[in-house]
Amino acid sequence: MLGSLGLLLLAFSTGLASEPNPSYPSNVPPFTLPSVTGEAVTYSVSDRADITVLCFLGTECPLARLYGPRLQALADRFDTDGVRFIGINSNVQDSMEELKQYAIDHSLTFPITKDYERSVALSAGATRTPEVVVVDRVGAVRYRGRIDDQYEPGIARSEATQHDLADAIAALVAGKPVANPVTTPVGCLIALPRITNQASLSNPLPKSAMQKSELPIDAPVTYCGQIASLLQRHCVECHREGEIGPFALDDFDEVVGWADMSIEVIDNHRMPPWHAADGHAEIANARLMPESDKQQLRDWVDAGMPYGDAKELPEPIKYVDGWQLPKQPDLELAMSTTPFEIPADETVEYQYYVVDPGFETDRWVKAAEVVPGNRAAVHHSIAFIRPPDGGDFRSIGLLSAYVPGQRRSELPDGYAQRIPAGSRIVFQMHYTPTGKPETDITRIGLVFTDESEVTHEVVTLGGIQQQFEIPPGDASYQVDGDIGYFPRDGILLSIMPHMHLRGKSFEFTTVRDGKKETLLEVPHYDFNWQHNYALADPVNLADVDDLSFVATFDNSDDNPTNPDPSEYVTWGDQTWQEMAVTFVAVAVPHEREVAKTVAVDVSADADNVKSPQETQRREKAKRFAAEYFARFDKNQDDSIDEDELPHSVRIFAFRSFDENRDQRITKDEIESQAYWRNQ
């Protein structure tokens, strides 16, 4: 699976032409380009191999990073068959030094060249990275397009189902025609020169924006005057050195190289990333770009991207070094002293690290942030509070998270999270490959406040529905869940849905006096962008009767991210399994504890069984407990220990079920919780 190489891979960096272009050149003329080794690489009649694969690559494009090693594997595979591979970089924003490093990072041994004038990309009809053009001995194009079908805009399959380039080469080596000679390329746009009537493919006119000294400073829209500020508002938060964006958008030369790609993903509503529907509760941290800003960016690109007057450049935004916290953290905790080693290209099981911060007294956290040591390979990291054994802690214990698309939200003055004395911090790590071996040490930073300053304690409650089985092929399977307990004197601050690759849509509702109201609707849930939706107007829970959600899953063939439409799908940690979870942040007045759920007798002969509805509730609770034990009581000793549960269930649910804190769950405890959660 693919992660936050990942964040931009599926949203910013994957685009595609709407249709294969029938006017693509049918031949590629000779060329000579400089290479990373300092030698010139020539493609001409005398130098032509039986088959030549022109591979258009970019150093910052995540897909080009991922496919570099795959191209090398194909070059090795067909090395003895008269097949020559040539890597070509036509990006104005990529330097030769960056290209050299790209070749080293991905162990590329076929020639890697720099197309400074972008003339080879134009003459070959290439528009994206990665894109391949396969030519025969006489220069005729025999295949062009993608390498395989694993990725589409917004989609990452677990593996490729069609290997277009390999199949095309194999056919040509065997002297057969290519079955599908044109496919649609997927990846980052190459910033090609604008072509005028006087220009030709052999003599293209460069964009005027490539030379600052030749640009007018009095154009109506310029980089210095408007565009730099626009990018600061909408993009630079992620697209800057050391952040999750795979390239920076705070430098003119970089912006010019990525301008066409920026327009495409903005027009396709993939950037800025946002998935909540309008018409419900206002979301404070909405990532929305006004149409006026979009049009201003389009106008600037169409005008040739003039630089303008450097005196008008806005002041750079000052970020806390390495963190997005309001100040340097009071405490930094690493998940481990030893880096975790991520393989180049295979599934990595979830990793869990337990850290003892050594807290001898309760600590109050004003702000927290999880920062990966390797943003390219960390899909997500969630830090939980694990209180000491026997401690009374009803919250889920979510402290902070690094999740694709999630922006850290500020707590209001006087609001803080409590870490009980003796607690551990648990890091849940989900790693994804990048095409080369990686390592990571993820950290969390904590900013403390004095308890005397705390007016409200912020706790994270969970709506968790583990009992589901999604049938094969079902395109709209609904799972209903609710927040089983919430404090009546609490204030609902935010909502964070969580599903996996089959997640389709999500809706969160409240009920007051029998009237249902939708607070949040996510019509197109995306596992790669998991937002924590902060309410602009927090909801007072005093008169709320119910907090519930509906998670809808698509287990059909029409879901391109579906790992296997033929499987029954149940709860599980890994992305090919599923979860139906909602995290909600609730603030409660300090100096009170979250109320405990009182166990009840749900036996058939209990005195308080007085109505058919009550009987139905109790029977449902008993069935739930029986099914739960059938699934998790592996040693069949009529109790469930923590080590019998999946990691995710241990974190999300164990302590809420373990009412007497004896580190084991009984059927009575499961029945009691199920009863109260279905009131």
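Numbering of residues begins at 1 and proceeds along the displayed sequence.
The shortest non-hydrogen separation linking Pro306 to Val221 is CG-O, 3.3 Å.
Taking the centre of each ring, Tyr533 and Trp274 come in below the 6.0 Å mark.
Residues passing the side-chain hydrogen bond (donor to acceptor under 3.5 Å, both in side chains) test with Ser229, sequence neighbours excluded: none. Partners of Glu332 by salt bridge (Lys or Arg N to Asp or Glu O under 4.0 Å), not counting sequence neighbours, listed by chain and number: Arg443. Qualifying side-chain hydrogen bond (donor to acceptor under 3.5 Å, both in side chains) partners for Glu507, counting only residues two or more places apart in sequence or in other chains: Thr518. Take Asp94 and apply the salt bridge (Lys or Arg N to Asp or Glu O under 4.0 Å) test, not counting sequence neighbours, and it matches no residue. Every residue two or more places apart in sequence or in another chain that forms a side-chain contact (heavy atoms from CB on, under 4.5 Å) with Asp413 is listed here: Lys366. The side-chain contact (heavy atoms from CB on, under 4.5 Å) test applied to Glu97 returns Ser95, Lys100, not counting sequence neighbours. Listed by chain and residue number, Asp148, Asp149, Gln150, His163 satisfy the side-chain contact (heavy atoms from CB on, under 4.5 Å) test with Ala160 (two or more places apart in sequence, or in another chain). Partners of Gln478 according to the side-chain hydrogen bond (donor to acceptor under 3.5 Å, both in side chains) rule, which considers only residues two or more places apart in sequence or in another chain, do not exist here. Considering only residues two or more places apart in sequence or on other chains, Thr582 meets the side-chain hydrogen bond (donor to acceptor under 3.5 Å, both in side chains) condition with none of them. Applying the side-chain contact (heavy atoms from CB on, under 4.5 Å) criterion to Glu517, with sequence neighbours excluded, gives Thr510, Arg512, Leu519. Take Asp293 and apply the salt bridge (Lys or Arg N to Asp or Glu O under 4.0 Å) test, not counting sequence neighbours, and it matches Arg233. Residues passing the salt bridge (Lys or Arg N to Asp or Glu O under 4.0 Å) test with Glu521: none are found, sequence neighbours excluded.
In this structure, Arg65 fails the cation-pi test against Tyr102, since its NZ or CZ atom is not both closer than 6.0 Å to the six-membered ring centre and inside 45 degrees of the ring normal.
Counting only heavy atoms from C-beta outward, the side chains of His531 and Arg287 approach each other to under 4.5 Å.
With Tyr525 as reference, Gln530 is the one residue of His275, His500, Gln530 to meet the side chain to side chain contact (heavy atoms under 4.5 Å, CB included) rule.
Side chains of Asp440 and Tyr431: a donor-acceptor N/O pair is present below 3.5 angstrom, by distance only. Residues Asn562 and Asp554 have side chains that never bring a donor and an acceptor to within less than 3.5 angstrom of each other. Side-chain atoms of Thr509 and Ser548 include a donor-acceptor pair closer than 3.5 Å. A donor and an acceptor atom, one from each side chain of Asp299 and Gln295, are located under 3.5 Å apart. Side chains of Gln93 and Asp253: a donor-acceptor N/O pair is absent below 3.5 angstrom, by distance only.
The aromatic rings of Phe527 and His379 sit parallel, their planes meeting at an angle under 30°, below the 60° perpendicular limit.
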